[in-house]
*Asks:* 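Below are the structure tokens for one structure; questions will follow.
No experiment lies behind these values; they were computed from the predicted model shown. Every chain is numbered from 1, with letters handed out A, B, ... down the list of sequences.
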Number of protein chains: 2
Amino acid sequence: MTGPRSLAETEKAVQAKLGDVPLRHDAMAAIANVYRAAAAVRQHVENSVLREAELTWTGFVVLWVVWIFGEMETRHVAQEAGISKGTLTGVARTLESRGLVVRAPHPSDGRMAMLSMTAAGEELMSRLFPAFNAEEAFAADRLSGAECDQLAGLLRRVVAQLEDNGEARRLELLEGAAPTPRRSGRKRKD
Amino acid sequence: MTGPRSLAETEKAVQAKLGDVPLRHDAMAAIANVYRAAAAVRQHVENSVLREAELTWTGFVVLWVVWIFGEMETRHVAQEAGISKGTLTGVARTLESRGLVVRAPHPSDGRMAMLSMTAAGEELMSRLFPAFNAEEAFAADRLSGAECDQLAGLLRRVVAQLEDNGEARRLELLEGAAPTPRRSGRKRKD
DNA sequence: CTGAACTCGTTTGGCCTCGAACAATATGGG
DNA sequence: CCCATATTGTTCGAGGCCAAACGAGTTCAG
């Protein structure tokens, strides 16, 4: 969350703003850094290995999912990639226009669509994935193998906490009140 | 990166695809979880405390920066918030239209613009920030205080590695070759 | 069989996102 | 003073992002 300002400086400024309100500073530092690290990694990878392949981070992840798991229903692809189904429609369209992926109707259920790799997609991924992993390794270069495992473990607990209890928590915060409708979104037809 | 599929299953599939290519599996797991955790936290916070305030994550971060550090040159706001200056222009416009922030010309340098809070912005943040922090604490609920500090420390090392060595690494990967120009971007005028 | 209820992928609207191109301004040397 | 260079914030284009609304298709109860 914070850029080049020193941590101490930021902490002091926060204290000055909310000196009396009790805050969880440890959680603040941990979560803020999760976001900062994610952005830094994405930036680095997009501007190194993904740039030449003209792929975005999300495009790569979707491609990766289809590559690893093979032909798949699009809803499962979206879930694995961690994006909404609406987003997947657009990303899949982009990948399809680049000839890396093909969309096909589900053989027995007319509602579904399947996504699978083309030969060009296969070829690209077998070249790109090792390079991608090398940049992950570069990002983690200051961590030992054990520390990587530790980091992964701590983060998995954060993810699990939100997946297990997030929805209940959000409902609890609303306290029965109707959730504020999203500012954007499709308009009703009538 | 991976959703509900079991870790073991994913590992096995990766091995099957690239059995002979040596990969850093520990770094892969660590970095993938950084991204997953960041997305999960953002999702949760946007759908709880930020929803009612009609703020996006980025809008909140920008507001937070101006709130904490006071009137600021927009380039510094962008840097602190971790977004590009082009993005900041749009986000600041949104916040200004909501009456939370004001833009003013720099007193002595005509190129620059200053951003500062309105009274409404102050008021919103003093209410919103404690709630935001409470959700950070909720996300970190399965971590002890010491583990939060540990997590923050590990992530800071990842960020530092990319900040210190990222650019050199990207240049090295290019090997003198001209970087692929971005697909999008403003067209040349002539 | 038929219609209500559900489920899937797509569309839509508002916004964020980057980086390159640009206009406006500033700075420094000649 | 003038002009080249550097630095700002803005504009632009392609695309990612979500959730709500939607249409097409399925399922199941009556």
Side-chain angles (χ1 to χ4, degrees), chain A residues 39 42-47 50-51 54-62 72-79 81-98 103-115 170 179-190, chain B residues 38-39 42-47 50-51 54-62 72-79 81-98 103-115 179-190:
Chain A
R42 179 176 175 150
Q43 192 91 347
H44 173 72
V45 175
E46 281 192 338
N47 284 326
L50 297 187
R51 181 65 85 87
E54 302 208 325
L55 282 179
T56 61
W57 174 277
T58 305
F60 175 82
V61 172
V62 167
M72 233 180 159
E73 295 164 20
T74 66
R75 71 203 156 120
H76 293 321
V77 176
Q79 187 168 29
I83 58 179
S84 74
K85 57 187 187 164
T87 299
L88 180 65
T89 297
V91 174
R93 200 190 337 267
T94 303
L95 293 175
E96 193 171 25
S97 77
R98 302 249 213 296
R103 200 190 302 262
H106 188 284
S108 67
D109 190 329
R111 293 167 299 182
M112 301 186 195
M114 310 294 289
L115 231 50
R170 288 190 290 275
T180 309
R182 213 167 196 269
R183 205 165 241 283
S184 62
R186 185 167 178 160
K187 297 283 182 274
R188 193 152 280 147
K189 209 184 178 186
D190 77 11
Chain B
R42 178 177 176 150
Q43 192 91 346
H44 173 72
V45 174
E46 282 192 336
N47 284 326
L50 297 186
R51 180 66 84 88
E54 303 208 325
L55 283 178
T56 61
W57 174 277
T58 305
F60 176 83
V61 171
V62 167
M72 233 180 159
E73 296 164 20
T74 64
R75 71 200 156 122
H76 293 321
V77 177
Q79 186 167 30
I83 58 179
S84 74
K85 56 186 187 164
T87 300
L88 179 65
T89 297
V91 174
R93 202 192 333 268
T94 302
L95 294 175
E96 193 171 23
S97 78
R98 302 248 213 295
R103 199 190 304 259
H106 188 283
S108 67
D109 191 329
R111 292 168 301 183
M112 300 186 195
M114 310 292 290
L115 233 48
T180 310
R182 212 169 197 266
R183 202 166 244 282
S184 63
R186 185 167 176 160
K187 296 283 182 272
R188 192 153 282 148
K189 208 182 178 187
D190 74 13

*Asks:* Kindly express the pairing pattern of DNA chain D in dot-bracket notation, using | wherever a base pairs with another strand and counting only Watson-Crick or G-U pairs under 3.5 Å.
*Replies:* ||||||||||||||||||||||||||||||
*Asks:* The criterion is salt bridge (charged side-chain N to carboxylate O under 4.0 Å, His left out); which residues satisfy it with Arg93(A), sequence neighbours excluded?
*Replies:* none
*Asks:* Suppose we screen for salt bridge (charged side-chain N to carboxylate O under 4.0 Å, His left out). Which residues come up paired with Arg183(A), at least two apart in sequence or across chains?
*Replies:* Glu54(B)
*Asks:* Please name all residues satisfying side-chain contact (heavy atoms from CB on, under 4.5 Å) with Ala39(A), sequence neighbours left out, ordered by chain then number.
*Replies:*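 If we apply the side-chain contact (heavy atoms from CB on, under 4.5 Å) test to Ala39(A), skipping adjacent residues, there are no hits.
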*Asks:* Tell me every residue that passes salt bridge (charged side-chain N to carboxylate O under 4.0 Å, His left out) with Arg75(B), counting only those two or more places apart in sequence or in another chain.
*Replies:*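 Only Glu73(B) meet the salt bridge (charged side-chain N to carboxylate O under 4.0 Å, His left out) criterion with Arg75(B).
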*Asks:* If the sugar-phosphate is the primed atoms plus P, OP1 and OP2 and the base is the rest, what is the B/S/- string for nucleotides 5-10 of chain D, using protein heavy atoms under 4.0 Å?
*Replies:* --BBBB
*Asks:* May I ask you to say what Thr56(B) touches in the nucleic acid, namely base, sugar-phosphate or nothing, with a heavy-atom cut-off under 4.0 Å?
*Replies:*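 Contact class for Thr56(B): sugar-phosphate only.
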*Asks:* Any side-chain N or O of Ser184(B) less than 4.0 Å from the OP1 or OP2 oxygen of dC12(D)?
*Replies:* no
*Asks:* Applying a 4.0 Å non-hydrogen cut-off, can you work out what Ser108(B) is touching in the nucleic acid: base, sugar-phosphate, or nothing?
*Replies:*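 Touches sugar-phosphate only.
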*Asks:* If you pin Ile83(A) and Arg188(A) to their nearest nucleotides in DNA chain D, which one's is more 5'?
*Replies:*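 Its nearest nucleotide lies further toward 5', so the answer is Ile83(A).
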*Asks:* Only counting residues at least two apart or in another chain, list the ones meeting side-chain contact (heavy atoms from CB on, under 4.5 Å) with Thr87(B).
*Replies:*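 Thr87(B): side-chain contact (heavy atoms from CB on, under 4.5 Å) contacts with Ile83(B), Ser84(B), Val91(B).
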*Asks:* Does dC17(D) have OP1 or OP2 under 4.0 Å away from a side-chain N or O of Gln43(B)?
*Replies:*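 Looking at the OP1 and OP2 atoms of dC17(D), neither is under 4.0 Å from any side-chain N or O of Gln43(B).
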*Asks:* Please enumerate all residues that pass side-chain contact (heavy atoms from CB on, under 4.5 Å) together with Thr74(A), with sequence neighbours excluded.
*Replies:* Leu88(A), Ala113(A), Leu115(A)
*Asks:* Reading DNA chain C from 5' onward, which residue's closest nucleotide shows up sooner: Thr87(A) or Thr180(B)?
*Replies:*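 Between the two, 5'-proximity favours Thr87(A).
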*Asks:* For Lys187(B) and Thr58(A), find the nucleotide of DNA chain D closest to each by heavy atoms; which residue's nucleotide sits nearer the 5' end?
*Replies:* Lys187(B)
*Asks:* Just verifying a value: how many Å separate Leu95(B) CG and Thr56(B) OG1, rounded to the nearest 0.5 Å?
*Replies:* 7.5 Å
*Asks:* Not counting sequence neighbours, which residues clear salt bridge (charged side-chain N to carboxylate O under 4.0 Å, His left out) with Arg51(A)? List them please.
*Replies:* none
*Asks:* For the residue pair His44(B) / Arg170(A), report whether a side-chain donor-acceptor contact shorter than 3.5 Å exists.
*Replies:* yes
*Asks:* Between dC12(D) atom P and Arg182(B) atom CZ, what is the distance in whole Å?
*Replies:*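 In whole Å, dC12(D) P lies 18 Å from Arg182(B) CZ.
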*Asks:* Taking CZ from Arg42(B) and P from dG16(D), how many angstroms apart are they, rounded to a whole number?
*Replies:* 16 Å
*Asks:* Could you tell me the boundaries of the chain A footprint on DNA chain C, defined by atoms under 4.0 Å from its heavy atoms?
*Replies:* dT7(C) to dG19(C)
*Asks:* Can you name the residues that form a side chain to side chain donor-acceptor pair (under 3.5 Å) with Gln43(B), not counting sequence neighbours?
*Replies:*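 Checked Gln43(B) against side chain to side chain donor-acceptor pair (under 3.5 Å); zero matches.
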*Asks:* When you check the phosphate oxygens OP1 and OP2 of dA19(D), does a side-chain N or O of Asn47(B) lie under 4.0 Å from one of them?
*Replies:* yes
*Asks:* Test of understanding: with side chain to side chain donor-acceptor pair (under 3.5 Å), list the residues that count as partners of Arg103(B), not counting sequence neighbours.
*Replies:* Glu96(B)
